[in-house]
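By convention in this document, chain letters (A, B, ...) are assigned in the order of the sequence lines, proteins followed by strands, and residues within each chain are numbered from 1.
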Amino acid sequence: MFFYTRYPSSNTLKTYFPDVKFNRCITSQLIKWFSNFREFFYIQMERFARQAVREGVMGGGEAELRLRRDSELYRILNLHYNKSNDYHVPDRFVEISELALREFFTAIQAGRDADPCWKKSIYKIICKLDSPVPDSFRLPGCPTDTHSTG
DNA sequence: AATTTTCCTG
DNA sequence: CAGGAAAATT
């Protein structure tokens with residue numbers, strides 16, 4: 001589900017778990033999940049962006065900073081959010097991830113990472129890129145299963 | 001004040 | 001992922 005929306009409201013999230021009775025604890029836990037998801041996402045983004053800066057994607061062209069489905073970063077993200085490859089990761093997510101990576105990259109290149117809250121501008125950009133979650137996720141057979149072994 | 005997000009840690 | 005503290009947002 002994170003593939004589609006990075007900043008879902010708690011109320012929106014609840015609609016995807018019809019069989020769960022929500023109290024404040026469960027709700028905060030659910031929010032915590034996405035918080036963790038976001039963190040992992042941004043951490044990887046910053047990590048790879050910094051790596052790209054270090055290795056010097058210079059040479060005059062920034063076109064090398066691409067995120068493809070065969071990229072290591074994609075592999076890590078998919079491994080984290082889609083452990084058993086149950087879902088097809090939408091092109092939208094790949095595009096957004098690449099954009100986020102570019103944003104981090106340019107920010108770091110420009111030295112904007114020295115500012116205390118330089119990530120906030122990036123967060124706002126990513127926040128606007130949320131897409132609607134397909135109805136498929138409301139199906140019983142498609143739980144956001146994070147650790148089921150079978 | 002309550003909810004939500006972020007930073008840090010395990 | 002989960003628990004907690006602090007900060008940010010409403």
Side-chain angles (χ1 to χ4, degrees), chain A residues 1-55 65 67-150:
Chain A
M1 191 185 304
F2 185 79
F3 288 146
Y4 297 93
T5 174
R6 264 63 54 191
Y7 286 85
S9 68
S10 63
N11 207 16
T12 304
L13 269 178
K14 289 182 187 176
T15 65
Y16 288 92
F17 299 88
D19 54 335
V20 177
K21 175 65 178 176
F22 285 99
N23 2 355
R24 283 215 306 280
C25 295
I26 309 253
T27 303
S28 61
Q29 189 227 32
L30 187 58
I31 291 175
K32 181 62 177 176
W33 283 7
F34 264 75
S35 181
N36 281 318
F37 291 159
R38 276 196 302 270
E39 257 220 80
F40 185 83
F41 178 79
Y42 287 126
I43 286 175
Q44 298 307 319
M45 287 302 152
E46 182 178 358
R47 182 182 223 281
F48 273 74
R50 287 193 183 281
Q51 177 183 311
V53 173
R54 294 171 70 92
E55 293 183 355
L65 193 64
L67 185 96
R68 312 238 314 198
R69 300 181 106 87
D70 57 349
S71 300
E72 174 68 4
L73 179 51
Y74 173 86
R75 199 187 69 79
I76 293 179
L77 291 175
N78 189 51
L79 187 65
H80 191 75
Y81 302 122
N82 195 18
K83 287 190 195 305
S84 46
N85 257 340
D86 288 330
Y87 309 111
H88 171 72
V89 14
D91 292 338
R92 181 86 170 143
F93 181 74
V94 180
E95 294 295 329
I96 292 173
S97 300
E98 182 191 324
L99 179 62
L101 183 61
R102 281 173 157 277
E103 286 296 330
F104 270 101
F105 179 79
T106 54
I108 294 171
Q109 278 264 292
R112 275 190 277 126
D113 56 328
D115 290 328
C117 52
W118 63 286
K119 294 179 182 176
K120 284 193 64 179
S121 58
I122 301 180
Y123 292 170
K124 287 188 65 175
I125 295 175
I126 303 305
C127 177
K128 294 195 306 185
L129 269 50
D130 272 13
S131 6
V133 179
D135 288 343
S136 343
F137 284 84
R138 295 181 56 199
L139 268 54
C142 298
T144 53
D145 160 12
T146 54
H147 50 57
S148 109
T149 54

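- Distance A:Phe34 CZ to C:dC1 P: 11 Å, rounded to the nearest Å.
- The side chain of A:Ser9 places no N or O atom within less than 4.0 Å of a non-bridging phosphate oxygen (OP1 or OP2) of B:dT4.
- Contact between A:Tyr87 and A:Asn82 at its shortest, heavy atoms only, is O-ND2, 2.7 Å.
- With distances taken from any side-chain atom of A:Arg38 to the nucleotides B:dT6, C:dA2, B:dT3, the minimum falls on B:dT6.
- Side-chain contact between A:Phe2 and A:Arg38 is present, with at least one heavy-atom pair separated by less than 4.5 Å.
- Here the options are A:Ile43, A:Val53, A:Leu101, A:Leu67, the test is side-chain contact (heavy atoms from CB on, under 4.5 Å), and the partner is A:Phe48; only A:Leu101 passes.
- Picking from C:dC1, B:dC8, C:dA8 the nucleotide with the shortest atom distance to the side chain of A:Lys32 gives B:dC8.
- A straight line from CD1 of A:Ile126 to P of B:dT5 spans 16 Å, rounded to a whole angstrom.
- Residue A:Lys124 places none of its side-chain N or O atoms closer than 4.0 Å to OP1 or OP2 of B:dT5.
- Put simply, CG on A:Asn36 is 13 Å from P on B:dC7, counting in whole angstrom units.
- Here the nucleotide nearest the side chain of A:Tyr123, chosen from C:dC1, B:dT4, B:dT6, is B:dT6.
- Aromatic ring centres of A:Phe34 and A:Phe37: separated by under 6.0 Å.
- Rounding to whole angstrom units, CG of residue A:Leu30 and P of C:dC1 are separated by 12 Å.
- Between the P atom of B:dT5 and the CZ atom of A:Phe2 lies a distance of 12 Å, rounded to the nearest Å.
- The A:Ser10 side chain lies nearest to B:dT4 when the options are B:dT4, B:dT3, B:dT6.
- In this structure, the ring of A:Tyr81 has its center no less than 6.0 angstrom from the ring center of A:Phe41.
- With rounding to whole Å, A:Ile31 atom CD1 is found 13 Å from C:dT10 atom C1'.
- Here C:dC1 presents its P atom at 14 Å from CD of A:Gln44, a figure rounded to the nearest Å.
- Here B:dC7 is the nucleotide among B:dC7, B:dT6, C:dA2 with the atom lying nearest to any side-chain atom of A:Glu39.
- The nearest whole Å value for the distance from the CD atom in A:Glu46 to the P atom in B:dT6 is 14 Å.
- Comparing atom distances between the A:Ser35 side chain and each of B:dT6, B:dT3, C:dT9 picks out B:dT6 as nearest.
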